[in-house]
Amino acid sequence: MSFEDAKREALKLSFDEREDLARTLYASLDEEDPEPESVLPPEVRRRYQAYREGKTKSLSLEELLAGLV
C-alpha cells in the first residue's frame, strides 16, 4: 500500500479513530528517535539546553504577556 493509499484510507476513519491513529503515530516518533530534540533548530536546542542547565528561567503566561505591553 502506498502512502497516498494509506492516507486516503485513514481519512475515511471516524474522528475518534483518526485521533487514536494520530496519537499512535506521534508516539511512535519517540520510539524511532530516542532524542527528539535532535530535530530541533540549533537556536531552539541551545535555548532548551540553557533552560535544562538552569541558566535561564521560564516565564508564566502572565509574565510573558506583561512583557509585551
Side-chain angles (χ1 to χ4, degrees):
M1 176 183 287
S2 73
F3 173 77
E4 288 301 319
D5 291 337
K7 186 168 68 169
R8 190 173 18 263
E9 289 301 311
L11 291 172
K12 293 178 184 177
L13 299 172
S14 70
F15 177 85
D16 290 339
E17 291 169 322
R18 289 192 323 270
E19 181 181 32
D20 185 46
L21 177 60
R23 289 180 192 279
T24 300
L25 292 172
Y26 185 75
S28 74
L29 296 176
D30 286 344
E31 295 169 6
E32 292 179 22
D33 186 359
E35 295 186 40
E37 301 93 38
S38 66
V39 297
L40 296 173
E43 177 66 13
V44 174
R45 285 197 311 265
R46 184 188 65 74
R47 289 177 182 227
Y48 180 60
Q49 185 64 31
Y51 170 77
R52 287 179 41 192
E53 293 173 356
K55 295 177 181 174
T56 61
K57 71 176 191 111
S58 62
L59 299 175
S60 68
L61 178 60
E62 290 80 18
E63 291 172 315
L64 177 65
L65 294 178
L68 298 176
V69 178

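Any value given below was found using the heavy atoms of this structure, including those in side chains, with hydrogens, waters and symmetry copies removed. One-based numbering along the sequence shown. Everything numeric in this text was worked out from a predicted model, so none of it was measured.
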Visitor: Would Asp5 and Arg8 count as a salt bridge (charged side-chain N to carboxylate O under 4.0 Å, His left out) if you check the C-alpha gap in whole Å, the side-chain angles of each, and the deciding distance to 0.1 Å?
Guide: CA-CA 5 Å; Asp5 291 337; Arg8 190 173 18 263; 2.6 Å; yes

Visitor: Are there over 12 heavy-atom neighbours, none belonging to Arg47, within less than 6.0 Å of that residue's CZ?
Guide: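 No, because the 6.0 Å sphere around CZ of Arg47 holds 12 heavy atoms or fewer from other groups.
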
Visitor: At what distance, to the nearest 0.5 angstrom, does CD of Glu17 lie from OG1 of Thr24?
Guide: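 One gets 11.5 Å once the value is rounded to the nearest 0.5 Å.
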
Visitor: Could you state the interatomic distance from CG (Leu65) to CG (Leu61), rounded to the nearest 0.5 Å?
Guide: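 Leu65 atom CG to Leu61 atom CG measures 4.5 Å (nearest 0.5 Å).
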
Visitor: Could you state the interatomic distance from CZ (Arg46) to NZ (Lys55), rounded to the nearest 0.5 Å?
Guide: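 These two atoms lie 10.0 Å from each other.
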
Visitor: Given side chain to side chain contact (heavy atoms under 4.5 Å, CB included), test Lys57 with Glu63 step by step and report yes or no.
Guide: CA-CA 12 Å; Lys57 71 176 191 111; Glu63 291 172 315; 3.7 Å; yes

Visitor: In Å, rounded to the nearest 0.5 Å, how long is the span from OH of Tyr48 to CD of Glu53?
Guide: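 Tyr48 atom OH to Glu53 atom CD measures 11.5 Å (nearest 0.5 Å).
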
Visitor: Which residues pass the salt bridge (Lys or Arg N to Asp or Glu O under 4.0 Å) test with Glu62, not counting sequence neighbours?
Guide: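 Testing Glu62 for salt bridge (Lys or Arg N to Asp or Glu O under 4.0 Å), a comparison that skips the adjacent residues, returns none.
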
Visitor: Spell out, yes or no, whether Met1 and Leu11 are grouped together once hydrophobic residues are joined by side-chain heavy atoms under 4.5 Å, including indirect joins.
Guide: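 No.
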
Visitor: If you take all heavy atoms of Leu21 and Leu13, which pair is closest and at what distance?
Guide: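 Closest heavy-atom pair between Leu21 and Leu13: CD2-CD1, 4.1 Å.
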
